[in-house]
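All values below were derived from every heavy atom in this structure, side-chain atoms included, with hydrogens, water molecules and symmetry-related copies excluded. Here the structure is a predicted model, which means the values were calculated and not measured. Each chain gets a letter, A, B and so on, in the order its sequence line appears, and its residues count up from 1.
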2 protein chains.
Amino acid sequence: MARPSEGGKKERILDSAVVEIAQRGYHQTTVARIAKRAGVADGTIYLYFKNKEEILFSLFDRAMGRFIEEGRTRLQNAASAPEKLRQIIELHLTLVGEDRDQAIIIQVELRHSLHFMGQLSRAQVGEYLDIIGQVVVQGQEDGEFRTDLAPVFAAKAIFGVLDEMATDWVLSHRNTRLESKAGVVAEFVLAGLKK
Amino acid sequence: MARPSEGGKKERILDSAVVEIAQRGYHQTTVARIAKRAGVADGTIYLYFKNKEEILFSLFDRAMGRFIEEGRTRLQNAASAPEKLRQIIELHLTLVGEDRDQAIIIQVELRHSLHFMGQLSRAQVGEYLDIIGQVVVQGQEDGEFRTDLAPVFAAKAIFGVLDEMATDWVLSHRNTRLESKAGVVAEFVLAGLKK
DNA sequence: TTCGGAAAAATGAATGGTCATTCAGTATTT
DNA sequence: AAATACTGAATGACCATTCATTTTTCCGAA
């Protein structure tokens with residue numbers, strides 16, 4: 001029968017890490033603090049993670065997984081490229097805006113070092129950009145989007161806008177909802193893409 | 001009479017910091033290494049900087065200073081809002097693309113922690129965004145840009161695109177010139193803004 | 001022009017605090 | 001009673017920062 005902590009311990013550690021790291025930053029966060037919040041011993045962390053940095057990697061995986069999975073799902077409920085783009089934009093801002101601590105991790109703490117970012121960007125960020133890029137391709141094939149912009153470029157540009165909105169939201173202490181920006185972002189981006 | 005190192009020692013320390021931090025990241029870079037590269041003793045660093053973090057702040061100031069100063073200059077040589085925007089875009093990408101080590105600092109290492117970024121963004125980044133925003137305002141007043149986008153939003157969106165191009169360039173190890181993207185960026189952004 | 005010594009600048013070895021990580025031992029599950 | 005999971009005190013490496021000492025600069029007096 002489901003022991004209460006079974007399998008959930010790793011998740012609990014990750015959840016604790018989000019809170020602690022969001023509050024004090026990765027480098028000020030000690031493994032001991034994460035352990036304490038998770039209600040486990042310091043050493044237990046190392047049964048689940050090779051080292052402290054791997055906790056960050058796991059947080060990234062978990063977050064990107066959601067983006068990609070939900071992104072793919074949403075695209076199936078939209079036909080036209082502009083509509084798909086709207087969906088992606090809304091999803092992106094909704095997911096980031098859902099949880100401020102998590103957003104701090106994604107927008108700030110995961111971008112620590114060149115070494116670290118290099119690894120991240122190759123992996124799932126590339127996949128995410130691909131998804132956006134393919135929507136652009138569709139839009140071009142359907143004759144809705146201009147064809148003088150390379151899809152790869154367009155994808156990065158769109159991501160750049162979304163990322164900036166997200167970072168700005170995290171840094172500003174206002175109490176707005178991030179996804180309220182989805183409308184304007186879509187209008188700006190679509191105007192830039194349309195024929 | 002001009003002592004040879006007068007005033008130049010602080011600059012030398014900053015230059016060394018750029019190289020070292022770009023190579024190994026801020027947290028892996030020891031004060032001792034920076035000192036060694038600059039050809040001074042460890043303790044000398046503390047005659048010029050309160051602590052290690054202040055070196056990062058100084059690097060940021062130095063970089064942003066260039067952006068803002070040159071930005072203002074360029075705007076005087078351009079009349080129309082679209083032309084001004086082109087100038088800013090080209091300048092931004094040129095300045096970042098000029099020096100890879102410096103770019104690593106700007107795009108990655110300066111974004112270490114929430115605490116750190118919070119301080120940065122209020123200060124000069126805000127000033128930079130203002131400059132862009134004012135060009136948007138002009139474009140709207142001149143009847144060249146649509147008026148349904150808030151200038152503050154537009155400025156962030158434009159910055160987001162530029163920032164993403166810059167980060168992408170830093171992370172990719174390709175040997176392209178960053179400013180070669182200026183044309184497409186301008187076309188995309190202007191299409192998004194124009195009536 | 002030179003000298004002396006005070007002020008300023010620079011040095012770098014020593015200090016102290018901080019954690020990530022380990023692992024011998026304990027508890028729990030099968 | 002073996003295997004598995006967990007514990008947390010101890011270890012050891014690391015490095016920012018300090019400060020007693022040394023070196024260099026400055027400048028007035030001779």
To the nearest Å, how far apart are B:Ile13 CD1 and C:dA10 C1'?
11 Å
Please say whether more than 12 non-hydrogen atoms of neighbouring residues, nucleotides or ligands are located less than 6.0 Å from CZ in B:Arg100.
yes
Check DNA chain C against residues 32-40 of chain B and give the residues with a non-hydrogen atom under 4.0 Å, in numerical order.
B:Val40
Length of the line joining B:His27:NE2 and C:dC19:C1', which is rounded to integer Å:
14 Å
Looking only at the side chain of A:Val31 (C-beta and beyond, no hydrogens), which of the listed nucleotides C:dA10, C:dA20, C:dA13 gets closest?
C:dA20
With nearest nucleotide decided by heavy atoms, which residue, A:Gly43 or A:Gln28, maps closer to the 5′ end of DNA chain C?
A:Gln28
Measure CG/B:Asp42 against P/D:dA16 and give the value in whole Å, please.
9 Å
Between D:dT4 atom P and A:Tyr48 atom OH, what is the distance in whole Å?
14 Å
Looking at A:Arg74 and A:Glu83, is there a salt bridge between them, counting it only when a charged N and a carboxylate O are closer than 4.0 Å?
no
Indicate whether OP1 or OP2 belonging to C:dA10 is found under 4.0 Å from a side-chain N or O atom of B:Lys9.
yes
Choosing from D:dT17, C:dA9, C:dG12, which nucleotide comes nearest the side chain of B:Leu47?
C:dA9
Could you note down all residue pairs passing side chain to side chain donor-acceptor pair (under 3.5 Å) where residues 181-195 of chain B supplies at least one of them, sequence neighbours left out?
A:Arg146-B:Glu187
Which nucleotide sits closest to the side chain of A:Thr44: C:dT22, C:dA10, D:dT7?
D:dT7
How long is the line joining CZ of A:Phe49 and P of D:dA5, in whole Å?
15 Å
NZ of A:Lys50 versus P of C:dT22: gap in Å, rounded?
11 Å
Any donor-acceptor pair under 3.5 Å linking the side chain of A:Arg111 with the backbone of A:Ile106?
yes
If I take atom NZ in residue A:Lys10 and atom P in nucleotide D:dC6, what distance separates them, rounded to the nearest angstrom?
13 Å
B:Lys50/B:Glu54 salt bridge by N-O under 4.0 Å criterion
yes
Could you state the atom-to-atom distance from NZ of B:Lys52 to P of D:dT17 in whole Å?
8 Å
Quick check against the 3.5 Å criterion: does B:Thr167 have a side-chain atom that pairs as donor or acceptor with the backbone of B:Glu164?
no
Look at the side chain of B:Trp169 and the backbone N and O of B:Asn175, then say whether any donor-acceptor pair between them is shorter than 3.5 Å.
no
